[in-house]
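Below is one structure, written out as structure tokens; the observations come after it.
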Amino acid sequence: MRKKVVAGNWKCNTSVQEGVELAKAVNELVAKEGAEDVVVVLGTPFTHITSVVDAIDTNRVGVSAQNCAAEASGAYTGEVSAAMVKSTGAGYVILGHSERREYYGETSEILNKKVALTLENGLTPIYCCGEALDIREAGTQKAYVINQLEETIFNLSAEDFKKLIIAYEPIWAIGTGKTATTAQAQEMHKDIRDAIAAKYSQEVADEISILYGGSAKPSNAPELFANPDVDGGLIGGASLKAEDFLGIINAY
């Protein structure tokens, strides 16, 4: 059985103090009311990780970095390596997020390095993929997203591949006024799982958790998560409110 996962991505939000209070609130709610079979992860800014790890029960609520460097160490001012992330007590790293690709020019070559370093350091990559509006309107979204996978994580061995979590982001439906239907979410998740089965095996495909990263919230999460190939969500804005985040966790 593949895992159900709900991961928050706080992005560039909250001070350290605010983040610790938010993490504590999530931890308390999850401990009291959270669905026990859902893996919960908080994707915090680098500055928050150690403080958040110390403030919560990481056996119940995992902690993730939102990125890591493409190099193991060296003269790379401002970068944070996978080894550094590991030393904080975090267990996950979000990689390939659409904002990293668009704003910071992250390429498949860069992401290959990041995925490898994350795995070498015993961290779980939450690997993001997805298409923009022009790709969706051209009807080439399946080929585009599968190509993203082929250029990066399909280079991994089956053993390493099974250590990943994949997050599909319909970039065209985030902040554009357009809405992705649950059917569209299911369709792309199935396309991704079918591609994994073709590359590796159906057994490997059935083990991989594929999350939806398209503005999920408590009101639409139950319908989204009811789809057979949607295994949870990578949550942005709603993860900044503990009660909303719990509502998504309990959508199952």
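What you see below is based on every heavy atom in this structure, not just the backbone, and it leaves out hydrogens, waters and symmetry mates. Treat the numbers as computed from the prediction; the structure is a model and nothing was measured. If you read the sequence from its start, that first residue is 1, and numbering goes on from there.
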### Query
In terms of ring plane angle, is the pair W10 and H48 parallel, tilted or perpendicular, where the classes change at 30° and 60°?
perpendicular
### Query
Using the ring of each side chain (for Trp, its six-membered ring), is F154 parallel, tilted or perpendicular to F161, with breaks at 30° and 60°?
tilted
### Task
Using the rule that two of Ile, Leu, Val, Met, Phe, Trp, Tyr join whenever any of their side-chain heavy atoms come within less than 4.5 Å, decide whether V61 and I49 are in one cluster.
yes
### Task
Give the intermediate values and the outcome of side chain to side chain contact (heavy atoms under 4.5 Å, CB included) for residues H189 and I192.
CA-CA 5 Å; H189 280 239; I192 292 170; 5.5 Å; no
## Note on the structure
Rounded to the nearest 0.5 Å, the CD atom of E109 sits from the NZ atom of K114 at a distance of 12.5 Å
### Task
Report whether M188 and I196 are members of the same hydrophobic cluster (ILVMFWY, side-chain heavy atoms less than 4.5 Å apart, transitive linking).
yes
### Residues which pass side-chain hydrogen bond (donor to acceptor under 3.5 Å, both in side chains) with Q202, listed by chain and number, not counting sequence neighbours
D206
### Message
Under the criterion salt bridge (Lys or Arg N to Asp or Glu O under 4.0 Å), I'd like the reasoning laid out for E207 against K3: C-alpha separation, chi angles, the key distance, then a yes or no.
### Response
CA-CA 8 Å; E207 289 186 30; K3 296 176 181 177; over 6 Å; no
### Task
For residues I165 and Y92, determine if any side-chain heavy atom of one lies less than 4.5 Å from a side-chain heavy atom of the other.
yes
### Message
Side-chain heavy atoms nearer than 4.5 Å, only ILVMFWY residues, links allowed to pass through others: does that put L156 and I146 together?
### Response
yes
### Summary
Correct closest heavy-atom pair for V52 and V63 would be CG1-CG2, 4.0 Å
### Query
Minimum heavy-atom separation for P125 to L119, with atom names?
CD-CD2, 3.8 Å
### Separation between CG of L42 and CG of L22, rounded to the nearest 0.5 Å
7.0 Å
Donor-acceptor list for residues 220-237 side chains, cut-off 3.5 Å, not counting sequence neighbours:
from	atom 1	to	atom 2	distance (Å)
N220	OD1	K217	N	2.8
E223	OE2	T182	OG1	3.3
N227	ND2	T182	O	3.3
N227	ND2	L224	O	3.1
D229	OD1	R193	NE	2.6
D229	OD2	Q186	NE2	2.8
D231	OD1	R2	NE	2.7
D231	OD2	R2	NE	3.0
D231	OD2	R193	NH2	2.7
D231	OD2	I210	N	2.9

### Task
Output all residues satisfying side-chain hydrogen bond (donor to acceptor under 3.5 Å, both in side chains) with D37, sequence neighbours left out; order by chain, then residue number.
K4
### Message
So which atom in V16 and which in S51 form the shortest heavy-atom distance, rounded to 0.1 Å?
### Response
CG1-OG, 3.9 Å
### Task
Quick one: do T152 and V115 satisfy side chain to side chain contact (heavy atoms under 4.5 Å, CB included)? Show the steps, please.
CA-CA 8 Å; T152 51; V115 170; 5.7 Å; no
### Query
Hey, is K11 close enough to E99 for a salt bridge, meaning N to O under 4.0 Å?
yes
#### Entry: V26 reachable from Y252 in the ILVMFWY side-chain graph, under 4.5 Å edges
yes
### Query
Taking C-beta and beyond as the side chain, do T50 and V53 meet within less than 4.5 Å on heavy atoms?
no
## Note on the structure
dist K32:NZ -> N27:CG (nearest 0.5 Å) comes out at 11.0 Å
### Message
Between V85 and N121, is there a side-chain heavy-atom distance shorter than 4.5 Å?
### Response
no
### Query
Just how far is it from atom CD of E120 to atom CG of D160, taken to the nearest 0.5 Å?
9.0 Å
### Task
To the nearest 0.5 angstrom, please state how far the OH atom of Y103 sits from the NE2 atom of H97.
9.5 Å
### Message
Ignoring hydrogens, what is the shortest heavy-atom contact between A216 and A238? Give both atom names and the distance.
### Response
O-CB, 3.9 Å
#### Entry: ILVMFWY network linking V80 to L95, side-chain heavy atoms under 4.5 angstrom
yes
### Message
Taking side chain to side chain contact (heavy atoms under 4.5 Å, CB included) as the definition, give me every residue that meets it alongside S81, ordered by chain and number, with sequence neighbours left out.
### Response
A83, M84
### Query
Listed by chain and number, what are the side-chain hydrogen bond (donor to acceptor under 3.5 Å, both in side chains) partners of R101, not counting sequence neighbours?
Y127
### Query
side chain to side chain contact (heavy atoms under 4.5 Å, CB included) between I166 and I208: does it pass, once the steps are laid out?
CA-CA 7 Å; I166 294 174; I208 297 295; 4.0 Å; yes
### Message
Once side-chain hydrogen bond (donor to acceptor under 3.5 Å, both in side chains) is applied, do any residues pair with E131, and if so which ones, sequence neighbours excluded?
### Response
R136, Y168, W172
### Shortest non-hydrogen contact between A23 and I56, atoms and distance
O-CG2, 3.6 Å
### Query
What distance separates L211 CG from N9 CG, expressed to the nearest 0.5 Å?
11.5 Å
### Message
Using side chain to side chain contact (heavy atoms under 4.5 Å, CB included), reason through I171 and L133 one step at a time and then give a plain yes or no.
### Response
CA-CA 7 Å; I171 305 166; L133 181 60; over 6 Å; no
### Task
Taking all heavy atoms of A173 and all of S215, pick out the closest pair and write down the distance.
O-OG, 4.3 Å
